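Accompanying notes for the structure given below.
Whatever order the structure lists ligands and atoms in, that order sets their numbers, starting from 1. Everything numeric in this text was worked out from a predicted model, so none of it was measured.
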Amino acid sequence: MGFVYTEEQESIRALVKEFAKNELEPRAPKMDQEEKLDPEIIRMMQEMGLMGIGIPEEYGGLGMGVMEKSIVVEELARKCASTAELISVQNMAYMAILKHGSEELKQKYLTKAAQGAICAFALTEPSAGSDAANIKTTAVVDGDEYVINGSKCFISNMGPDEGDFVTILAITDPDAGVKGFTAIVVDRDAPGFSLGRREEKMGIRAADVSELFFENCRVPVSNTVGEPGKGFNYFMESLDGGRIGMASQALGIAEEALELAVNYAKTREQFKKPIAKNQGLQWYIADMATKVEAARALIYEAATTYDRGENVSKIAAIAKYYAAEIGVQVADKALQIHSGYGYMRDYPLERMYRDARIVPIYEGTSEVQKMIIARETLK
Ligand code: COS
């Protein structure tokens, strides 16, 4: 499809495509099996500036927009969805600080992230999954510190070796509902903060996802992001942008799956002809190609809308919902076309199929996206 990408967008795509081909593709199967990202990969991405794609240059970042972030995530996801996830979450997790944080917070945390510190975003709790407003974690002011108690679960970018700081959502005024929630930055070494178990997952196995515990955890009040009581809005706003990154992750998987399926269908012979000569299989390919193009168009629309500074709640939810669903469908059909080979670990499709399956779940399930789309459409 004929999108007009800027020179900067073309060049970041070329750079990341080459990195993904040369460095990620050969390492991805081992990282999946060992359930760990190669530290060398993280180091290389830090050097390329990918930890701070959206961070302004004055804080040491690349100063790019969501469109560029989408391109980076898409290209990484073609070869390793766990790596794409790290970058997608990283470049969403600092957004509340960037948009609403004090100059002191920006100097401290944006500079760190741009230099390669891994950051996370902690909303989910055992009682607050889709119902994000049902959090229980509290933060009580004691002098110039917060005393935080509670727990978070399924937190990406936090693991035994990863995760330098995390922006959490906590209740600071229990009588004010969502207007009593505050966003607070917690350093990994904050007293009273600890990591629970690292989750064992179906897919994106190399990506860290962990439980977080706060037991009388002490954090300076100056780590408040923006205004107390506005945290829920900041988190929802960050998720709007984050969902475009997750949609790009699904798109990257789908694009790669389609390419693998096409190559295989043209070369695999059965009944004395390439299987691509069968009309039934051609119709699979036609559906896959249509879905990939439609997802790309939605993501492009969402990302450019975001970068123009307009409200993206609806278009981001549409892009995430659609791309997440077709990511699974396209990976599934590509696996079917590869048949027995697709099911074997020698080929990347079984990993891609497992990796694609998370996207309709995290950063808001497909059902939550539909709630948002319906609410916005019925307004
Ligand atoms: N941007 C900014 N503010 C937003 C917003 C957005 N996208 N969406 C909602 N808000 C604000 C509302 O404007 C409202 O504030 P005001 O009262 O000041 O107007 C406040 O937040 C409450 O909004 P709402 O009543 O819509 O909240 P709900 O509890 O009904 O929650 C959904 C709605 C479903 C959208 C929310 O719970 C959600 O996104 N859930 C999924 C969570 C998720 O994605 N989890 C994944 C975790 S990260 S892996």
Would you mind listing which atoms of ligand 1 come within a distance below 4.0 Å of any non-hydrogen atom of [X]?
X: Gly129; result: 42 (C), 45 (N)
X: Glu237; result: 1 (N)
X: Arg243; result: 39 (O), 41 (C), 43 (C), 44 (O)
X: Met371; result: 34 (C)

Quick check on the 6.0 Å ring-centre criterion: do Tyr94 and Phe121 meet it?
no
Stepwise, does the side-chain hydrogen bond (donor to acceptor under 3.5 Å, both in side chains) test hold for Tyr146 with Thr224?
CA-CA 9 Å; Tyr146 282 117; Thr224 306; 2.8 Å; yes
Which is it for Leu239 and ligand 1 at heavy atoms under 4.0 Å: side chain, backbone, both or neither?
side chain
Check Asp240 against ligand 1 and report side chain, backbone, both or neither, counting heavy atoms closer than 4.0 Å.
side chain
Can you tell me the protein heavy atom closest to atom 22 (C) of ligand 1 and the distance?
Phe232 CE2, 3.6 Å
Protein non-hydrogen atom found under 4.0 Å from atom 32 (C) of ligand 1:
no
Flag atom 19 (O) of ligand 1 as yes if some protein heavy-atom distance to it falls below 4.0 Å, otherwise no.
no
Within 6.0 angstrom of Glu40 CD, more than 12 heavy atoms from elsewhere
yes
Would Glu199 and Ser210 count as having a side-chain donor-acceptor pair, cut-off 3.5 Å?
no
Check: Lys201 and Val209 side chains under 4.5 Å, non-hydrogen atoms
yes
Report yes or no: do Ile155 and Ile135 belong to one cluster of Ile/Leu/Val/Met/Phe/Trp/Tyr joined by side chain heavy-atom distances under 4.5 Å?
no
Which option out of Met246, Lys320, Met236 puts a heavy atom nearest to atom 4 (C) of ligand 1?
Met236
Which pairs count as ring-ring contact (aromatic ring centres under 6.0 Å, His included) when at least one residue sits in residues 96-119, sequence neighbours excluded?
His100-Tyr234, Tyr109-Phe165
